[in-house]
Amino acid sequence: MRRVGSVQRKMPCVFVTEVKQEPSTKREHQPYKVLATETISHKALDADIYSAIPTEKVDGTCCYVTTYKGQPYLWARLDRKPNKLAEKRFKNFQHSQQNSKGFFWNVEEDFKPVPECWIPAKEIEQLNGNPVPDENGHIPVLMHHADDPGLLEISAVPLADLLEQTLELIGTNINGNPYGLGSKKYPLHLLIPHGAFQIRNLPTLKHSDLLSWFEGCREGRIEGIVWHCNDGCLIKVHRHHLGLCWPILDTYMNSKPVIINMNLNKYDYAFDTKCLFNHFLKIDHQKFGRLKDITLDV
């Protein structure tokens with residue numbers, strides 16, 4: 001598994017964006033859209049976007065693997081939000097200045113409390129030991145089969161093998177389940193290492209070419225693209241940046257066959273009957289035409 005960049009903060013768009021006062025297709029009740037212009041952003045150019053590795057942006061929730069009290073743990077991302085008074089002060093400042101530059105956060109007083117074991121992302125700027133807001137065991141893992149890039153594989157990976165990586169959690173109860181995984185009775189959730197699905201035949205880095213690729217190419221039936229740059233910077237473009245809808249039917253992820261390869265015989269585990277691994281063991285080594293065809297009610 002090749003390691004690429006990890007997600008530690010919000011990713012900037014590859015293009016300069018502009019706000020249009022039209023109802024959003026991304027968030028309900030949002031009265032505006034954030035759309036890409038045809039100009040490549042300075043951040044993308046400074047990160048040498050033309051030499052970056054383009055990968056599929058997967059629609060889930062970001063997770064991180066690191067140690068806690070000497071053991072590897074899977075951490076969920078928590079966006080620490082300001083309290084009502086601080087949020088009102090911030091919005092008033094934005095309205096008066098037309099942007100958020102120059103706003104001062106009192107990190108100790110302006111934000112809602114967080115769990116005791118919460119830790120800030122490693123690349124987040126800190127001031128006096130406090131994170132500063134920016135301007136904006138085993139686990140089932142999904143990735144390409146080692147010997148067949150056209151085949152997906154679900155395998156059990158020790159958390160210790162994923163230390164300091166970020167991954168995207170997808171599944172039945174995540175973000176409206178755009179990939180159609182599992183069911184209410186038998187939910188299915190998987191982790192995908194960030195950068196696992198490299199895009200091989202991306203067109204030139206032009207607004208019109210990318211728009212055509214998303215609209216007319218089978219490989220373009222994805223949520224977006226994330227470029228992993230040589231300096232570790234991550235740059236993205238979302239379908240919504242180009243005025244396109246998401247989620248969509250028949251995603252590219254669901255166009256590939258998938259095989260189950262748990263390989264848990266070497267571990268002395270006794271799984272609960274309701275455990276996801278117990279269900280996977282019943283269909284171990286089976287091959288399915290696509291992810292949404294996997295059934296756990298056997």
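Residue numbers run from 1 in the order of the sequence given. The figures here come from the full heavy-atom set of this structure, side chains too, leaving out hydrogens, waters and symmetry mates.
Here the closest non-hydrogen pair linking P178 and T251 is O-CG2, 4.0 Å. In terms of heavy-atom proximity, V141 sits nearest to P193 at CG1-CD, 3.6 Å. Across all non-hydrogen atoms, the minimal contact from P187 to L296 is O-CD1, 3.8 Å.
Side-chain atoms of T172 come within 3.5 Å of backbone N or O of L188 as a donor-acceptor pair. With D110 contributing its side chain and N106 its backbone, the two residues share a donor-acceptor pair below 3.5 Å. In this structure a side-chain-to-backbone donor-acceptor pair under 3.5 Å is present from S41 to A44. Side chain of H194 to main chain of T166: a donor-acceptor pair is present (N/O by atom type, distance under 3.5 Å, no hydrogens or angles). A side-chain donor-acceptor contact under 3.5 Å links R221 to the backbone of D250. Using modelled atom types, no side-chain atom of D161 and backbone atom of V157 make a donor-acceptor pair closer than 3.5 Å.
When each of D46, I53, L234, I235 is checked for a side chain to side chain contact (heavy atoms under 4.5 Å, CB included) with C229, only I235 meets the rule.
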Test side-chain contact (heavy atoms from CB on, under 4.5 Å) on K282 and N278 and set out the steps.
-> CA-CA 7 Å; K282 295 177 182 179; N278 187 60; 3.8 Å; yes
Step by step, work out the side-chain contact (heavy atoms from CB on, under 4.5 Å) result for F15 and E38.
-> CA-CA 7 Å; F15 297 108; E38 296 185 2; 5.9 Å; no
Could you walk me through whether E18 and K20 pass the salt bridge (Lys or Arg N to Asp or Glu O under 4.0 Å) check?
-> CA-CA 7 Å; E18 60 182 8; K20 295 284 189 179; 3.6 Å; yes
Step-by-step side-chain contact (heavy atoms from CB on, under 4.5 Å) determination, N261 to I154 = CA-CA 6 Å; N261 183 16; I154 297 175; over 6 Å; no
Walk me through it: do W227 and K236 pass the test side-chain contact (heavy atoms from CB on, under 4.5 Å)?
-> CA-CA 6 Å; W227 285 268; K236 72 176 180 182; 5.7 Å; no
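Residue pairs meeting the ring-ring contact (aromatic ring centres under 6.0 Å, His included) criterion with at least one member in residues 151-185, sequence neighbours excluded, do not occur. Sorted by first and then second residue, the ring-ring contact (aromatic ring centres under 6.0 Å, His included) pairs with a member in residues 146-176 form an empty list; sequence neighbours excluded.
With rounding to the nearest 0.5 Å, the separation of CD1 in I259 from NZ in K256 is 15.0 Å. C63 SG to L169 CG: the interatomic distance, rounded to the nearest 0.5 Å, is 5.0 Å. Here the NE2 atom belonging to H189 is positioned 7.5 Å from the CG atom belonging to N177, to the nearest 0.5 angstrom. Here CG of L85 is found 11.0 Å from CD of E109. Values are rounded to the nearest 0.5 Å. Atoms CE and CG, on M253 and L142 in that order, are 6.5 Å from each other to the nearest 0.5 Å. Taking CD1 of I170 as the reference point, atom CG of L191 lies at 9.0 Å (rounded to 0.5 Å).
Linking Ile, Leu, Val, Met, Phe, Trp and Tyr whenever their side-chain heavy atoms come within less than 4.5 Å leaves L242 and L35 in two separate clusters. Note on V16: it does not cluster hydrophobically with V34, by side-chain heavy-atom contacts below 4.5 Å among ILVMFWY residues. Linking Ile, Leu, Val, Met, Phe, Trp and Tyr residues whenever their side-chain heavy atoms come within less than 4.5 Å places V65 and I174 in a single cluster. Two different hydrophobic clusters hold V58 and L151 under the rule that ILVMFWY side chains link at heavy-atom gaps under 4.5 Å.
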Only pairs under 3.5 Å count here: list side-chain donor-acceptor contacts from residues 201-208, not counting sequence neighbours, and write none if there are none.
residue : atom : partner : partner atom : Å
T204    : OG1  : D209    : OD2          : 2.4
H207    : NE2  : A36     : O            : 3.4

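No side-chain N or O of T61 forms a donor-acceptor pair with one of E168 less than 3.5 Å apart. Judged purely by distance below 3.5 Å, without hydrogens or angles, the side chains of E164 and Y64 pair a donor atom with an acceptor atom.
Looking at residues two or more places apart in sequence or on another chain, you find a side-chain hydrogen bond (donor to acceptor under 3.5 Å, both in side chains) between R290 and D293. Under the salt bridge (Lys or Arg N to Asp or Glu O under 4.0 Å) criterion, E215 pairs with no residue at all, not counting sequence neighbours. Residues satisfying the side-chain contact (heavy atoms from CB on, under 4.5 Å) test with R218, not counting sequence neighbours, are Y252, S255.
Taking the six-membered ring where tryptophan is involved, the planes of H238 and H241 are perpendicular, since the angle between them exceeds 60° and thus also 30°. Ring-plane geometry between F90 and W105 is classed as tilted, the angle between the planes lying from 30 to 60 degrees on a 0 to 90 degree scale.
Heavy atoms from other residues, nucleotides or ligands lying under 6.0 Å from CD of Q21 number more than 12.
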